[in-house]
Protein chains: 4
Amino acid sequence: MAGKIESNKKQKKDALLNSAFEIFTNEGFSKSSISDIVKLAGVAKGTFYLYFTDKYDIRNKLVARKAGIVFKRALEAYESAPFTGGLADAIIFIVDNILDQFNENKALLNFISKNLSWGIFKGAITGANADSEVDFDEFFEYLQKITCIERKQLEIILFLVVEFVSSTCYSSILYSEPVPIEELKPYIFSTIKFIVENNTSESTELIGS
Amino acid sequence: MAGKIESNKKQKKDALLNSAFEIFTNEGFSKSSISDIVKLAGVAKGTFYLYFTDKYDIRNKLVARKAGIVFKRALEAYESAPFTGGLADAIIFIVDNILDQFNENKALLNFISKNLSWGIFKGAITGANADSEVDFDEFFEYLQKITCIERKQLEIILFLVVEFVSSTCYSSILYSEPVPIEELKPYIFSTIKFIVENNTSESTELIGS
Amino acid sequence: MAGKIESNKKQKKDALLNSAFEIFTNEGFSKSSISDIVKLAGVAKGTFYLYFTDKYDIRNKLVARKAGIVFKRALEAYESAPFTGGLADAIIFIVDNILDQFNENKALLNFISKNLSWGIFKGAITGANADSEVDFDEFFEYLQKITCIERKQLEIILFLVVEFVSSTCYSSILYSEPVPIEELKPYIFSTIKFIVENNTSESTELIGS
Amino acid sequence: MAGKIESNKKQKKDALLNSAFEIFTNEGFSKSSISDIVKLAGVAKGTFYLYFTDKYDIRNKLVARKAGIVFKRALEAYESAPFTGGLADAIIFIVDNILDQFNENKALLNFISKNLSWGIFKGAITGANADSEVDFDEFFEYLQKITCIERKQLEIILFLVVEFVSSTCYSSILYSEPVPIEELKPYIFSTIKFIVENNTSESTELIGS
DNA sequence: TATGAATGAGATTTCATTCAT
DNA sequence: AATGAATGAAATCTCATTCAT
């Protein structure tokens with residue numbers, strides 16, 4: 001019984017999140033209204049305020065959730081691939097997978113890249129956010145363990161990579177500007193390789209890979 | 001005196017642009033209203049609509065104008081400096097100057113980086129936009145001439161650099177995340193150097209420098 | 001009590017309709033504002049938009065409703081009168097009653113005749129409009145049954161009468177132009193008599209009257 | 001020289017009248033603005049106020065002018081036709097011609113019938129209005145002379161005919177409701193014949209026709 | 001929990017009119 | 001006579017938020 005109520009609650013919340021994503025990507029955030037979202041979700045206006053404090057709240061939870069899903073998929077692909085190579089190659093593998101996902105789902109790219117900042121990314125990392133699909137903290141510790149790179153250095157590297165990739169892929173995938181993504185990939189990958197290898201000791205290797 | 005009317009018009013338009021910048025940076029774009037802007041500018045509400053179609057219009061014109069000013073200053077500093085070095089060093093010089101400007105004026109950074117995309121950047125390049133302070137087209141041709149790099153290649157390089165710098169400096173300067181800008185600069189500069197040199201023939205040098 | 005909410009809604013809508021009529025007839029349609037209407041109705045501005053899409057919407061609903069009331073009253077008078085005579089006399093009786101109503105309430109005449117067209121009249125006939133006080137469809141079928149005139153013929157006759165009466169009574173009642181209504185009535189009635197009798201078989205009589 | 005200035009003035013005024021007609025018929029009176037009119041006319045806003053006091057003023061002058069043109073044409077056709085018959089037939093001839101003109105130019109019908117009232121019609125009759133193309137006064141005296149009907153009687157007859165025709169032809173020509181104009185004409189004409197003949201002595205004939 | 005009618009501040013936008021040139 | 005930039009009151013319409021049910 002309680003479970004049914006629980007799942008019913010989850011259902012409404014999910015309906016709101018899905019509707020919000022639909023509206024945000026179609027109309028743009030500033031032109032989206034809570035009225036639109038609840039109408040599409042098929043719930044009453046008041047219900048919105050039971051789960052979210054305002055438009056910004058639902059957006060942030062949505063970004064973390066969507067980014068998490070993308071990231072989780074890429075990680076799963078990486079883990080199930082017969083993989084050998086250093087940290088740089090591992091990151092490139094993951095980035096490549098993410099770029100492909102975005103290429104398939106441009107609305108998603110548009111939404112995430114317009115709203116994902118390093119701040120939200122780090123916020124998601126804390127693991128406090130229940131809406132995120134991944135525990136970034138775990139992933140971080142995992143990376144530290146297998147690369148033997150100190151936390152701060154690792155954070156800088158990831159920061160540079162994340163910012164570089166997200167900002168360049170945006171206009172390339174969505175508008176083929178200045179060139180289509182397939183043409184841009186070599187530049188992106190070689191730069192990632194440089195960023196990673198130039199900032200880690202030469203001997204760094206993925207332990208256990 | 002037809003000139004008097006013209007100068008009066010320019011004055012009104014400038015007052016609106018300046019006020020809009022003030023309001024946008026203090027209140028944030030979505031919380032800024034046209035009412036606020038005209039009040040601060042000291043003009044009537046209807047006057048706003050003589051010069052701009054809506055809030056988005058004035059924002060875009062403002063971004064191009066402000067970005068142009070920053071860029072122009074950096075270029076002037078570069079040109080008046082006793083400079084020797086390759087293209088990479090030239091770009092690094094300019095980027096360094098821009099980062100310093102942003103560090104001094106964080107509101108400006110916040111405003112520009114939230115709204116400047118490669119699209120707007122390229123839009124500004126066409127020179128069609130009368131609100132821009134620089135003719136990027138000229139600059140582009142100038143670069144081509146002195147570097148002997150073909151247009152497309154040059155565009156990709158600039159794209160990578162612009163996106164990389166603008167996305168990384170944002171959280172570093174404004175929030176010191178993941179590290180303060182001075183600590184991040186070495187990473188940024190080495191990456192720029194890599195991007196430029198890895199994508200140009202080794203012999204590329206700034207002619208006449 | 002769901003009924004309480006329903007009756008509350010009806011109350012608000014009625015308040016808006018009544019206020020709109022008041023404002024429209026006093027100020028004229030184009031000088032009436034939604035602000036004025038809601039102020040008089042004692043509801044919030046937003047409430048207006050819960051029930052009507054704009055000024056035109058409330059006007060059309062108002063015309064149908066008011067015209068329906070006038071018509072209904074005339075019909076009731078006709079039905080409760082000890083009446084003998086043909087179709088022409090029946091219509092004249094009804095028209096006479098309507099003219100008297102308008103003569104008593106010139107604001108109503110002004111409002112209706114400026115906005116009532118055969119289109120709206122026919123629209124009201126469909127019965128789709130819930131704001132109309134009469135089911136014109138029923139009335140139409142009723143007329144057909146008792147007069148044995150085919151639908152199309154009946155429609156033309158009514159059209160001619162309605163247009164003739166509404167257009168002539170307007171300036172006569174409101175401005176006594178070219179002559180006061182009492183002086184004009186003989187002309188109107190004899191013309192109605194001609195229109196009806198000239199376009200129906202001589203034997204047409206109201207069955208059951 | 002003075003003539004040139006005079007004609008220049010007339011040119012501007014005409015441009016304004018023509019543009020106003022264009023805008024009124026396309027956008028509807030209430031949605032037409034003086035801005036739109038002057039833009040289409042290619043004159044400055046201030047110029048409008050040199051010739052007209054406001055939107056209503058230009059509309060009324062326009063109605064009188066347009067109605068006058070239509071009427072004048074019908075009269076000319078009547079005068080140049082080899083005509084025999086009574087007053088009723090003469091009026092029917094003129095009405096028929098007007099209906100044909102309206103059928104050819106529905107925007108004109110829409111504009112005139114929405115704005116022509118007996119008041120404006122009579123106002124036009126005074127001949128004071130320089131924008132009217134006809135001197136209705138003359139026409140009226142002419143009619144009196146040849147029909148020997150007293151002024152008041154004549155006015156009532158014309159009033160009934162004008163209102164009857166204008167209100168019925170509107171929805172018939174524009175919307176074919178309740179039937180197309182060609183199908184409605186017999187009803188209109190027979191009613192006109194009735195109105196005229198029933199209200200004049202039997203011997204009334206057009207003298208000199 | 002869930003609803004959705006009601007709110008009303010406030011945002012955007014229009015436009016007749018003026019007046020210095 | 002002609003212009004058109006400027007005005008600013010006033011209109012329309014939106015929408016986050018509340019609260020009685």
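Owing to the predicted nature of the structure, the values given are computational and were not obtained by experimental measurement. Chain identifiers are assigned alphabetically (A, B, ...) following the order of the sequence lines, protein sequences preceding nucleic acid strands; residue numbering begins at 1 within each chain.
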Asker: From C-beta outward on C/Leu50, which listed nucleotide comes closest to its side chain: E/dA2, F/dT12, E/dA6?
Answerer: E/dA6

Asker: When you compare F/dT21 with E/dT1, how far apart are their C1' atoms, in angstrom units rounded to a whole number?
Answerer: 13 Å

Asker: For A/Tyr56 and F/dA16, give me the distance from atom OH to atom C1', rounded to whole Å.
Answerer: 11 Å

Asker: Is it the case that the base of E/dG10 and the side chain of C/Lys45 share a donor-acceptor contact (distance under 3.5 Å, atom types as modelled)?
Answerer: yes

Asker: Nearest whole Å is fine: how far is E/dA11 C1' from B/Glu27 CD?
Answerer: 15 Å

Asker: Judged by each residue's nearest nucleotide on DNA chain F, which is more toward the 5′ side, B/Ala44 or D/Gly46?
Answerer: D/Gly46

Asker: Think C/Lys66 forms a cation-pi with C/Phe21, using NZ or CZ under 6.0 Å from the six-ring centre and within 45 degrees of its axis?
Answerer: yes

Asker: Quick check with a 6.0 Å cut-off and a 45 degree axis cone: is A/Lys12 positioned over the face of A/Tyr51's six-membered ring?
Answerer: no

Asker: Could you tell me how far apart B/Ile5 (CD1) and F/dA2 (C1') are, to the nearest whole angstrom?
Answerer: 12 Å

Asker: When both hydrogen-bonding distances must be under 3.5 Å and the geometry is Watson-Crick or G-U wobble, what is E/dC15 paired with, if anything?
Answerer: F/dG8

Asker: From the options E/dT17, E/dA2, E/dA6, select the nucleotide whose nearest atom is closest to the side chain of C/Lys9.
Answerer: E/dA6

Asker: When both hydrogen-bonding distances must be under 3.5 Å and the geometry is Watson-Crick or G-U wobble, what is F/dT14 paired with, if anything?
Answerer: E/dA9

Asker: For F/dA2, does either OP1 or OP2 sit under 4.0 Å from a side-chain N or O belonging to D/Thr47?
Answerer: no

Asker: Using ring pair (Phe, Tyr, Trp, His ring centres under 6.0 Å) as the criterion, point out the one residue from A/Tyr49, A/Phe48, A/Tyr56 that pairs with A/Phe52.
Answerer: A/Phe48

Asker: Can you label the angle between the C/Phe111 ring and the C/Phe24 ring as parallel, tilted or perpendicular, going by 30° and 60°?
Answerer: parallel

Asker: Using atom CD of C/Glu6 as one end and atom P of F/dT21 as the other, report the distance to the nearest whole Å.
Answerer: 14 Å

Asker: Under the 3.5 angstrom rule, does the side chain of C/Asn26 hit a backbone N or O of C/Glu22 as a donor-acceptor pair?
Answerer: yes

Asker: Pick base, sugar-phosphate or nothing for B/Val43, based on heavy-atom distances below 4.0 Å to the nucleic acid.
Answerer: sugar-phosphate

Asker: Ignoring backbone atoms, establish whether C/Asn8 has a side-chain N or O less than 4.0 Å from OP1 or OP2 of E/dA6.
Answerer: yes

Asker: Out of F/dC13, E/dA16, E/dT12, which nucleotide sits closest to the side chain of D/Ile34?
Answerer: E/dA16

Asker: Any idea which of E/dT3, E/dT7, F/dA16 is nearest the C/Lys12 side chain?
Answerer: E/dT7

Asker: How many whole angstroms separate atom CZ of C/Phe48 from atom P of F/dT14?
Answerer: 12 Å

Asker: Could you check how far OH of B/Tyr49 sits from P of F/dG8, rounded to whole Å?
Answerer: 16 Å

Asker: Which nucleotide sits closest to the side chain of C/Ser35: F/dT12, F/dA2, E/dA2?
Answerer: F/dT12

Asker: Run the salt bridge (charged side-chain N to carboxylate O under 4.0 Å, His left out) test on C/Asp14 and C/Arg65 for me, step by step, so that the C-alpha distance in whole Å, both residues' side-chain angles and the decisive distance to 0.1 Å come before the verdict.
Answerer: CA-CA 11 Å; C/Asp14 278 359; C/Arg65 163 185 279 227; 3.3 Å; yes

Asker: If you pin D/Gly42 and C/Thr53 to their nearest nucleotides in DNA chain F, which one's is more 5'?
Answerer: D/Gly42

Asker: Within the structure shown, what part of the strands sits under 4.0 Å from C/Tyr51 by heavy-atom distance: base, sugar-phosphate, or nothing?
Answerer: sugar-phosphate

Asker: In whole angstroms, how far is the P atom of F/dA10 from the CD1 atom of C/Ile37?
Answerer: 17 Å

Asker: Can you tell me which nucleotide in F/dA11, E/dT12, F/dT7 comes closest to the side chain of B/Ser33?
Answerer: E/dT12

Asker: For B/Phe52 and E/dT13, what is the distance between atoms CZ and P respectively, to the nearest whole Å?
Answerer: 14 Å

